[in-house]
Amino acid sequence: MLTIYGTMRSRATRPIWLLYETGTEFTHVPVIQSYRLADPQAADAPLNTASPEFLAINPQGLVPAMLDGDLLLTESLAITYYLARKLGGDLAPRDLAEEGQAVQWALLGATAVETPALDIAQVHGKGIADTPEGKSIVAARTATLARPFARIEAHLQGRDWLMGDRFTVADIVLSEGVRYAMAQPGIYDEWPALKAWLARCHARPAWQRLWAERNAEPA
Ligand SMILES: N[C@@H](CCC(=O)N[C@@H](CS)C(=O)NCC(=O)O)C(=O)O
């Protein structure tokens, strides 16, 4: 039995996208972030990252988490790579060089893209994009993103996908970090190859399915 914990408005989209790509049956438990609830401990609160039942699974109180039989994995990138290795066929790295590239793109996403892109998403989520504070945060984070985006842009010259001339787990994990900035109009315009790659990722039926489900969840 494979179970993924975490709502679609969380990093759980990464493993869930891979599971949709591979048509794998799994149980989805949409544990919500406790900070999104007025009273996470209320008797009628939905299962959340501060619920004792979830803390018994992941004492760190973060989603996603995965149970595959007795195996508990936390960290969205580890879960997604594990699932690619287990189920992903051509979505997984094929050799040592691809293994290195896949880890590289995941770490670039986690260390250089995700945090500034999430800050931009939060500016829009809070409705402060047109305020001086919001503009200043967006300008600073856009500047921070320029170096990793330049790296991705250069790599994608003459390529449709990040590695091996096919869509892989690397495209899933990196594009999910890059897309956090997409609420900012024109954010990708300076990077046409990156922008076209993100559009290719988002044209995949598996991503469209998860995006529809994500948008159906309360904000
Ligand atoms: N590095 C972790 C980050 C996990 C994380 O921060 N998850 C957020 C949701 S996307 C969460 O569970 N937050 C709940 C909280 O902070 O209480 C990963 O990639 O899985």
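Order of appearance sets the numbers: ligands from 1, and atoms from 1 within every ligand.
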Show the atoms of ligand 1 that are less than 4.0 angstrom away from any heavy atom in [X].
X   : answer
P64 : 20 (O)
T49 : 12 (O), 14 (C), 17 (O)
S34 : 17 (O)

Could you check whether [X] pairs with [Y] (Lys NZ or Arg NE/NH1/NH2 to Asp/Glu carboxylate O, under 4.0 Å)?
X    : Y    : result
K195 : D189 : yes
R11  : E114 : yes
D171 : R200 : no

Task: Q101 side chain to W105 side chain, donor-acceptor N/O pair below 3.5 angstrom - done: no
- [ ] Scan side-chain atoms only and decide if Q33 and T49 contain a donor-acceptor pair under the 3.5 Å cut-off.
- [x] no
Task: N/O separation below 3.5 Å, Q33 to ligand 1 - done: no
Open item on the list: Between ligand 1 and S76, is the shortest N or O to N or O distance under 3.5 Å?
Closed with: yes
- [ ] Mind checking whether S10 contacts ligand 1 via backbone (N, CA, C, O), side chain (CB onward), both or neither, at a 4.0 Å heavy-atom cut-off?
- [x] both
TODO: Record the part of L62 in heavy-atom contact with ligand 1 below 4.0 Å; permitted values are side chain, backbone, both and neither.
DONE: both
Task: Protein contact of atom 5 (C) of ligand 1 - nearest heavy atom, named by residue and atom, plus distance - done: R11 NH1, 3.2 Å
- [ ] Measure the distance from atom 2 (C) of ligand 1 to every protein heavy atom, then report the residue, atom name and distance (to 0.1 Å) of the closest one.
- [x] E75 OE1, 3.1 Å
TODO: For V63 and ligand 1, answer yes if some heavy atom of the residue is under 4.0 Å from a ligand atom, otherwise no.
DONE: yes
TODO: Of all the heavy-atom pairs spanning H124 and P185, show the shortest one and how long it is.
DONE: CE1-CD, 4.1 Å
Task: Geometric cation-pi criterion, R204 with F167: 6.0 Å, 45° - done: yes
